[in-house]
Amino acid sequence: MEDEAQNNGGDATVTEFTTYEDYLDSQITAIDLYYLEDKELARQLVELGYRGSGEPLKREEFESRKKASETFRLSKRLATKVFASYGKDFSGFPFLAALAEREEANRSGKLTSILFVRTLNGKGQEISGYIDYAHRLKTENFESIFNRSRMLMPRPSDLSFYNWETQTCTSNATPNFQVIADNENGILFKNKRDRKIINVDPKEESPGDNTTRVQIPTKEHIQVVIFDHLTRRKA
């Protein structure tokens, strides 16, 4: 059974124990505790091989196996996860294709994308907004968007929202970005993880460090621009 677990990327020796101490405790008997009267001493004896069955794992080996087992579990979970865009045809819908291309990276945190969408609402009013794509993915079901039963629209709760007819203007921080609205050259966004600034001014040559800007052709909206920010995580 243990060999089978290891062949499948798991390790029966470590997966059933939360800590190394739990692993040592599993090999201590009631008789050991009765005679030794000291749990820490009993653990030391197990670690040295004087108690328990077989050759015990050293702490470093236990931790290494535990980490490998957890990595396998997470990778297996990710591999079997079905994304909202999976298996759908986006021919003729470049905006949806762009969202699908970025879904996994935004869900996993490898990428944080800001979507600028300028469009018309149900009343025919022109609205625009900057949308934290990763945050939206976590807070709403995108199945209906990728199924084309509804469109992705800017909301007053997004990073930034503006209704050109009613002059309604809002801005909100999200788990990924801070809004800098008092900049003289226009709105800026600061990534909360690496503190890099994303400049969405189209006149600027570059939107910032580790950030790319791409305009997406679309028939559903007036204009769509995507700012992709790659976060450099500490090793």
Side-chain angles (χ1 to χ4, degrees), residues 77-181 186-193 198-202 207 211-231:
R77 179 182 174 187
L78 185 61
T80 56
K81 183 177 179 65
V82 177
F83 298 107
S85 60
Y86 181 77
K88 296 177 177 62
D89 181 13
F90 302 115
S91 301
F93 298 91
F95 183 32
L96 290 180
L99 293 180
E101 181 183 350
R102 292 162 172 80
E103 183 184 6
E104 187 275 332
N106 272 270
R107 287 190 185 277
S108 65
K110 299 174 187 175
L111 194 70
T112 46
S113 300
I114 295 177
L115 317 173
F116 173 73
V117 178
R118 184 179 168 201
T119 190
L120 299 177
N121 64 15
K123 298 180 180 179
Q125 300 168 336
E126 184 175 328
I127 59 174
S128 61
Y130 290 94
I131 300 168
D132 180 346
Y133 183 38
H135 181 54
R136 280 282 202 106
L137 281 169
K138 289 183 178 180
T139 56
E140 69 178 280
N141 188 346
F142 264 66
E143 282 286 344
S144 56
I145 291 174
F146 286 121
N147 284 332
R148 301 199 299 276
S149 58
R150 69 182 179 94
M151 292 198 301
L152 178 64
M153 301 287 284
R155 296 174 177 171
S157 58
D158 283 320
L159 283 167
S160 178
F161 173 86
Y162 187 65
N163 184 309
W164 293 81
E165 183 171 319
T166 65
Q167 306 290 297
T168 301
C169 181
T170 64
S171 62
N172 307 277
T174 68
N176 301 308
F177 294 101
Q178 174 186 344
V179 180
I180 304 174
I187 195 168
L188 302 172
F189 301 104
K190 179 188 284 187
N191 185 277
K192 290 184 176 180
R193 186 174 300 166
I198 291 85
N199 190 330
V200 295
D201 186 347
T211 303
T212 59
R213 176 179 59 218
V214 58
Q215 182 147 326
I216 307 296
T218 174
K219 297 177 182 178
E220 297 77 42
H221 303 288
I222 298 172
Q223 183 184 16
V224 170
V225 181
I226 299 180
F227 300 84
D228 290 320
H229 183 70
L230 183 65
T231 303

**Student:** For Asn121, enumerate each residue passing the side-chain hydrogen bond (donor to acceptor under 3.5 Å, both in side chains) test, keeping only those at least two apart in sequence or located in another chain.
**Tutor:**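 With neighbours one apart ignored, the set is Gln125.
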**Student:** Applying ring-ring contact (aromatic ring centres under 6.0 Å, His included), can you list everything that pairs with Phe95, at least two apart in sequence or on another chain?
**Tutor:**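 Expected list: His221.
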**Student:** Can you tell if the side chain of Ser128 reaches within under 4.5 Å of the side chain of Trp164, non-hydrogen atoms only?
**Tutor:**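 Yes, their side chains come closer than 4.5 Å.
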**Student:** So which heavy atom on Pro154 is nearest to which on Thr119, and how close?
**Tutor:**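 For Pro154 and Thr119, the tightest heavy-atom pair comes out as CD-CG2, 3.9 Å.
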**Student:** Using 0.5 Å steps for rounding, measure from the CD1 atom of Ile198 to the CG atom of Asp228.
**Tutor:**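 Rounded to the nearest 0.5 Å, the CD1-CG separation comes out at 10.5 Å.
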**Student:** Could you tell me whether the side chain of Phe227 reaches within less than 4.5 Å of the side chain of Thr212, counting heavy atoms only?
**Tutor:**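 No, too far: nothing below the 4.5 Å cut-off.
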**Student:** Is there a donor-acceptor pair closer than 3.5 Å between any side-chain N or O of Glu220 and the backbone N or O of Met151?
**Tutor:**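 It does not hold such a pair.
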**Student:** Has Arg102 got a side-chain atom pairing as donor or acceptor with Ile226's backbone, closer than 3.5 angstrom?
**Tutor:**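 Answer holds: no.
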**Student:** Once side-chain hydrogen bond (donor to acceptor under 3.5 Å, both in side chains) is applied, do any residues pair with Asn106, and if so which ones, sequence neighbours excluded?
**Tutor:**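 Testing Asn106 for side-chain hydrogen bond (donor to acceptor under 3.5 Å, both in side chains), a comparison that skips the adjacent residues, returns Ser113.
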**Student:** Once rounded to the nearest 0.5 Å, what's the spacing between atom OG1 of Thr218 and atom CD of Gln223?
**Tutor:**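 Thr218 OG1 to Gln223 CD: 10.5 Å, rounded to 0.5 Å.
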**Student:** Is the distance between the ring centroids of Phe90 and Phe146 less than 6.0 Å?
**Tutor:**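 Ring centroids of Phe90 and Phe146 are less than 6.0 Å from each other.
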**Student:** Using modelled atom types only, decide if a donor and an acceptor are shared between the side chain of Asn172 and the backbone of Pro156 within a distance under 3.5 Å.
**Tutor:**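 Checked: pair present.
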**Student:** Kindly indicate, with the supporting measurements, whether the criterion side chain to side chain contact (heavy atoms under 4.5 Å, CB included) is fulfilled by Glu140 and Ile145.
**Tutor:** CA-CA 10 Å; Glu140 69 178 280; Ile145 291 174; 3.9 Å; yes
**Student:** Only pairs at least two apart or in different chains count here, so list each salt bridge (Lys or Arg N to Asp or Glu O under 4.0 Å) that has a residue in residues 84-101.
**Tutor:**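 Sorted pair list: Lys88-Glu143.
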**Student:** Between the main-chain N or O of Ser144 and the side-chain N or O of Ser149, is there a donor-acceptor pair closer than 3.5 Å?
**Tutor:**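 Here the side-chain-to-backbone pair exists.
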**Student:** Hey, what do you get for OH (Tyr162) to OG1 (Thr170), rounding to the nearest 0.5 Å?
**Tutor:**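 It is 11.5 Å, given to the nearest 0.5 Å.
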**Student:** Under the 3.5 angstrom rule, does the side chain of Tyr133 hit a backbone N or O of Leu99 as a donor-acceptor pair?
**Tutor:**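 Checking the backbone N and O of Leu99 against the side chain of Tyr133, a donor-acceptor pair under 3.5 Å is found.
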**Student:** If you round to the nearest 0.5 Å, how far is CZ of Arg193 from NE2 of His229?
**Tutor:**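 So the gap between those two atoms works out to 9.0 Å.
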**Student:** Of the non-hydrogen atoms in Lys110 and Leu230, which two are nearest, and what is the gap between them?
**Tutor:**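 So the two residues come closest at O-CD1, 3.2 Å.
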**Student:** Taking all non-hydrogen atoms of both residues into account, name the closest pair between Ala98 and Ile216 and its distance.
**Tutor:**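 Heavy atoms of Ala98 and Ile216 come nearest at CB-CD1, 4.1 Å.
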**Student:** Do you know which two heavy atoms are closest between Ala173 and Lys192, and how far apart they sit?
**Tutor:**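 Smallest interatomic distance, heavy atoms only, reads CB-NZ, 4.1 Å.
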**Student:** Keeping to residues at least two apart or across chains, list the salt bridge (Lys or Arg N to Asp or Glu O under 4.0 Å) pairs with something in residues 122-132.
**Tutor:**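 Applying salt bridge (Lys or Arg N to Asp or Glu O under 4.0 Å) to every pair that reaches into residues 122-132, excluding sequence neighbours, yields Arg118-Glu126.
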**Student:** Measure the spacing between CD1 of Ile114 and CZ of Phe177 and express it to the nearest 0.5 Å.
**Tutor:**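 One gets 4.0 Å once the value is rounded to the nearest 0.5 Å.
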**Student:** Rounded to the nearest 0.5 Å, what's the gap from CG on Leu159 to NE2 on His135? Could you check?
**Tutor:**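 With rounding to 0.5 Å, CG (Leu159) is 8.5 Å from NE2 (His135).
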**Student:** What closest approach, in Å, do Leu152 and Val117 show between heavy atoms, and which atom pair accounts for it?
**Tutor:**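 In terms of heavy atoms, the two residues are closest at O-CG1, 4.4 Å.
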**Student:** By ring-ring contact (aromatic ring centres under 6.0 Å, His included), which residues pair with Phe116, not counting sequence neighbours?
**Tutor:**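 Applying ring-ring contact (aromatic ring centres under 6.0 Å, His included) to Phe116 gives Tyr130.
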**Student:** For the side chain of Glu103 and the backbone of Ala84, is there at least one donor-acceptor N/O pair under 3.5 Å apart?
**Tutor:**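 The answer is yes, because a donor-acceptor pair under 3.5 Å joins these two groups.
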**Student:** Any idea which heavy atoms bring Pro94 and Pro217 closest together, and the distance?
**Tutor:**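 Here Pro94 and Pro217 meet closest at CG-O, 2.9 Å.
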**Student:** Any chance you could lay out the side chain to side chain contact (heavy atoms under 4.5 Å, CB included) test for Leu115 and Val224, step after step, and finish with the verdict?
**Tutor:** CA-CA 7 Å; Leu115 317 173; Val224 170; 5.8 Å; no
